[in-house]
Amino acid sequence: MAEIIDIRHIAKIYEMGDEDVHALEDVTLTIKQNEYIAVMGPSGSGKSTLMNMLGCLDTPTSGTYLFKGENVSEMSDDDLAEIRNREIGFVFQTFNLLPRATSLHNVELPLVYSGIRSKERIARAEEALRQVGLSDRMDHKPNELSGGQRQRVAIARALVTHPSIILADEPTGNLDTKTGQDIMALFMDLWHAGNTVILVTHEEEVAQHANRIVRLRDGRIESDTVNEFTNSVP
Amino acid sequence: MKITEIGESVRIALSALRINLLRSVLTTSGVVVGVVLVVVMGWTIKGLDSVWERTIGIIGRDMLYIDKWNWSGGHNWKKLESRKDITLKQALLLAERMESADLTVPLARKWGGTVNYGSKQVLCGVQGTTHEYGTTPAGAASEGRWFNSIEDARAADVVVIGYGIARTLFPDGGSIGKILKVHGFPFRIIGVVEKRGFLFMDFIDNQVFIPLSSFQKAYGFFDRSFSVAIKAGSEQLLNIVRDEAVGHMREIRNVPPGREDDFSVNEMEAFDQQVSTIRTVIWIVGIGLTVLAFIVGSIGIMNIMFVSVTERTREIGIRKAIGARKRSILLQFLVESSTLCVIGALIAMPISQVIVAAARSILIGPLEQDWVSVVSPFIQIDLLLIAVGVSIVVGLLAGLIPARRASALDPVDALRFE
Ligand SMILES: Nc1ncnc2c1ncn2[C@@H]1O[C@H](COP(=O)(O)OP(=O)(O)OP(=O)(O)O)[C@@H](O)[C@H]1O
Ligand SMILES: [Mg+2]
C-alpha cells in the first residue's frame with residue numbers, strides 16, 4: 001500500500017511565558033493508504049496536536065513531514081490551505097459546522113474553496129449527505145439537528161472532496177453512547193469503502209475497531225501496534 | 001482567486017448583514033450622510049446653474065453698464081468713491097455718439113428710495129431711464145407696458161414696477177392703474193416687469209422704473225452719478241462695443257492717454273464670477289462635510305468589521321480548516337464591508353430624493369414660484385453612481401485592516417476561540 005503520510009522526528013513546542021511546553025517530541029510515524037488508526041493517550045498527551053499537524057492545520061517546530069512525498073514543513077500558508085482542501089477531511093469533537101448554513105451548504109463549502117461550480121457542488125454534497133444517511137435533512141441548519149446528525153453532516157463535509165485521509169479528533173466525545181456507536185459504525189463503513197481514517201478516542205472499545213493503535217504519552221509515541229482482531233476484517 | 005468564492009463572499013456578507021440588520025444599518029449612517037450630502041450638493045449646484053442660465057438669458061450676455069461703480073467686488077472703494085460722478089450730460093453724449101451698439105440708454109439710480117402704496121412702504125431701487133430701456137429684455141413687461149417716448153419727453157408721472165415690488169405691494173395682483181408714491185410724488189403704475197432675478201440677483205426685481213425726466217423732478221440731478229446701459233446686440237460684438245464705449249467715455253471725461261479709466265464697464269461676467277464663487281463655496285463646504293461624514297462612517301465601519309471578525313473567529317477557523325486561503329477570507333470581509341457601504345448608498349438614495357423634492361417645493365416653490373420649474377425635482381443619477389463608487393472604495397479601505405486581521409488568523413487558534 002502506498003504511503004500517504006511520513007513524519008520523522010516531529011516536535012511541537014509551545015512557548016508559554018518562560019516555560020516551553022513540549023506538546024510533541026520526536027514523533028515518527030508512517031501512515032499507508034486504507035489504514036484505520038486509533039490514536040489514544042491520556043489528556044494532554046498531544047493527540048490533538050498530532051492531529052492538527054497531520055491535518056496541516058499546524059506546522060511542527062522541528063522534524064520533517066512528507067505528505068504523499070511532498071515536504072509540508074516548507075509549504076506556504078496557501079499551499080497548506082490547498083492540501084487541507086483537496087487531501088484532508090477533518091471531523092471535530094465539536095462538529096464545527098457553520099451555524100447559519102444548511103446541511104447542504106455546510107457540506108458544499110469545501111468545494112466552494114476548490115472552485116467547483118454550483119451545480120456539481122450541490123450534486124456532490126447531496127451524494128455525501130446520502131452516504132451518511134441524511135438525505136432528508138439537507139435544508140436543516142445545525143441547531144435543527146441532533147448531535148449525531150450534526151456529526152454526520154461534519155463527516156459528509158469531510159468526505160465531499162474525496163480526501164486522501166480522514167482525521168477525526170474525538171468525534172464521539174460529545175455524543176451519547178448509542179449515537180457514538182452509530183458514528184463509529186459509519187467510520188467503519190468508510191474504512192471498508194477504501195478510505196484512510198485516523199481517529200482519536202479515549203475509549204478502548206472504540207479503538208478495538210481500528211486496525212492499528214498508536215498510544216501517546218507526554219508527547220511521545222508509547223506504542224504503535226497492529227490490532228490483530230480487526231486487521232482481517234476488510 | 002476562485003470565481004466560486006466571490007459568490008460565497010456575497011452570500012456570507014448578505015447573511016451576516018441580515019442577522020445584524022439594525023447594527024448594520026446604524027453603522028452605515030456615516031456613509032448615508034456622506035452620499036446624501038454629495039447628491040444634495042450636486043443638485044443645488046445644478047439648480048443654481050440652471051437658474052443663473054435663465055437669469056442671464058433674460059438680461060442678455062450682450063449688456064454692458066458704464067458706471068462710476070464697479071459691480072464685482074475686490075476694488076478699492078475709496079478710489080471708486082473719488083471718481084467724478086458721471087453727469088447726465090456725459091451719459092446723453094455717450095448715447096448720442098455710440099454707433100456699434102443696438103441701444104444705449106442713460107440711467108439714474110436711487111438706492112433705497114421710498115415707495116408707498118396706501119399704508120404700505122418699501123425701500124427699493126428707483127431707476128430713471130428712457131422708453132428705449134423697455135425694448136431690452138431687461139425691461140420686458142409681464143403686465144401692462146413700458147412708458148413711451150411721449151411720456152419720456154413730458155416727464156409723465158408713470159411708473160413700471162419690478163416683479164418683487166408687485167408681489168410685496170400687490171400680493172393679489174391688480175397693480176396696473178394704481179397710484180404709487182415715489183419719494184412722495186404720485187405715479188400711476190402702467191406696467192410690471194417680468195421676474196428676472198434669483199438669489200443674490202433679486203435686487204433686480206425690487207426696483208421701480210420711471211422716466212429719466214420724472215426722476216429729475218423727484219430727486220434732482222445734482223450730486224448724482226448716472227450710468228449708461230448698452231446693449232451690444234450679440235455677444236460677439238461685445239468687444240467692439242466695449243472698445244467704442246470706452247473710447248467715447250475717455251474722450252467725454254477728458255481722461256489723458258496713459259491714465260486708467262475713471263469709470264467702470266460692468267458686464268454679466270461680474271455676476272458669473274459671483275455665481276462661480278457661490279458654486280465653489282457650496283463645493284468646498286459640501287465636499288468638506290462629505291469627507292468628514294465618510295471618515296466618521298469609515299471609522300464606524302472599521303469598528304463594526306473588527307467586531308464582526310472577532311465574533312466570527314471560529315467561523316474563520318472552520319473555513320480555513322476546510323481549505324479557505326488567506327485571500328478567500330480577505331475577500332469575504334472586504335465584500336462584507338463594501339456591501340455595508342453600498343447599502344448605505346442605497347439608503348441614501350430615497351433620502352436625498354425626498355430632501356431634494358422637499359427643498360424644491362418647500363423652500364424654492366414659495367420663494368420663486370415662477371421659476372421653480374427650472375430646478376430639477378430629481379437627483380442626478382450619474383452623481384449617485386459616483387457616490388456609490390466612492391462608497392465602495394470607502395468600504396474597501398475601512399474593511400482592509402479588519403479583513404487582513406481575519407485572514408492572518410491561525411486556524412488552530414481560531415478554532416479554539418470561544
Ligand atoms: N496553543 C497552545 N499553547 C500552549 N500549550 C498548548 C497549546 N495547545 C496545546 N498545548 C499543550 O500541549 C499539550 C498537548 O495538548 P493536546 O491538546 O494535544 O492534548 P490532547 O492529547 O489532545 O488532550 P485531550 O485528550 O485533553 O484533548 C498540552 O499540555 C497542552 O496544554
Ligand atoms: Mg485533544
Side-chain angles (χ1 to χ4, degrees), chain A residues 12 14 23 48-49 51-53 55-59 76-102 105-122 141-142 154 156-161 163 167 169, chain B residues 1-21 23-24 307-336 339 403-418:
Chain A
K12 181 72 188 182
Y14 291 108
S48 294
T49 308
M51 293 296 268
N52 290 341
M53 205 78 62
C56 296
L57 276 173
D58 211 347
T59 46
S76 70
D77 286 354
D78 280 355
D79 290 341
L80 289 175
E82 192 142 349
I83 292 216
R84 290 198 293 271
N85 185 244
R86 271 192 293 118
E87 306 282 358
I88 290 157
F90 242 112
V91 179
F92 303 90
Q93 180 177 353
T94 51
F95 320 133
N96 278 338
L97 298 172
L98 296 188
R100 297 193 283 269
T102 61
H105 191 76
N106 264 298
V107 176
E108 245 188 279
L109 210 55
L111 301 177
V112 168
Y113 294 112
S114 319
I116 290 168
R117 295 291 177 150
S118 172
K119 221 172 153 185
E120 189 188 339
R121 270 193 336 243
I122 290 171
K141 292 188 176 157
R157 181 180 65 189
L159 287 176
V160 76
T161 54
L167 299 169
D169 192 350
Chain B
M1 188 60 58
K2 282 160 184 148
I3 196 99
T4 51
E5 293 173 18
I6 296 174
E8 172 71 8
S9 298
V10 173
R11 208 196 60 83
I12 301 165
L14 291 178
S15 103
L17 299 181
R18 210 171 30 240
I19 283 153
N20 294 310
L21 193 61
R23 187 176 85 183
S24 310
V307 171
S308 181
V309 168
T310 307
E311 281 175 351
R312 282 149 66 195
T313 302
R314 229 184 138 81
E315 176 195 320
I316 296 163
I318 294 171
R319 289 180 185 276
K320 287 199 152 190
I322 61 171
R325 287 172 296 176
K326 280 187 173 180
R327 268 173 290 170
S328 320
I329 303 296
L330 193 73
L331 176 80
Q332 173 187 334
F333 282 94
L334 287 181
V335 167
E336 186 171 326
T339 305
R404 284 185 71 104
R405 178 186 284 186
S407 74
L409 281 175
D410 179 75
V412 177
D413 291 344
L415 279 172
R416 199 175 289 147
F417 186 84
E418 294 301 328

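We name chains A, B, ... by the order of the sequence lines, and we start the count at 1 in each one.
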So, the part of A:Ser48 with a heavy atom under 4.5 Å from chain B: the answer is neither
Turns out that what part of A:Ile88 lies under 4.5 Å from chain B's heavy atoms comes down to neither
When every non-hydrogen atom of A:Arg100 is compared with those of B:Ser15, the smallest separation belongs to NE-OG, 4.4 Å
Closest non-hydrogen atoms of B:Ala324 and A:Ala81, given as atom of the first, atom of the second and distance, are O-CB, 3.7 Å
If you tally heavy-atom pairs under 4.5 Å between each of A:Asn96, A:Asp58, A:Asn85 and chain B, the highest tally belongs to A:Asn96
Kindly indicate whether the side chain of A:Arg157, heavy atoms from C-beta on, has any atom under 4.5 Å from the side chain of B:Ile318. yes
Rounded to the nearest 0.5 angstrom, the CZ-NE2 distance for B:Arg11 and A:His105 is 3.5 Å
* Steps toward side chain to side chain contact (heavy atoms under 4.5 Å, CB included) verdict (B:Ile3, A:Arg117) -> CA-CA 9 Å; B:Ile3 196 99; A:Arg117 295 291 177 150; 3.9 Å; yes
Turns out that what part of A:Asp77 lies under 4.5 Å from chain B's heavy atoms comes down to side chain
Using distance alone, with no hydrogens and no angle criterion, decide if B:Arg314 and A:Thr94 have a side-chain donor and acceptor under 3.5 Å apart. yes
So CG of B:Asp410 and CG of A:Asn52: to nearest 0.5 Å the spacing works out to 9.0 Å
Whatever's closer than 4.5 Å to a heavy atom in chain B on A:Arg86 counts as neither
Correct closest heavy-atom pair for A:Val112 and B:Glu5 would be O-CG, 4.0 Å
Applying a strict 4.5 Å limit to non-hydrogen atoms, the region of A:Leu80 in contact with chain B is neither
Max heavy-atom pairs within cutoff under 4.5 Å with chain A, candidates B:Ile12, B:Ile19, B:Ile322, goes to B:Ile322
The single option from B:Arg325, B:Arg319, B:Glu8 that satisfies side chain to side chain donor-acceptor pair (under 3.5 Å) with A:Tyr113 is B:Arg319
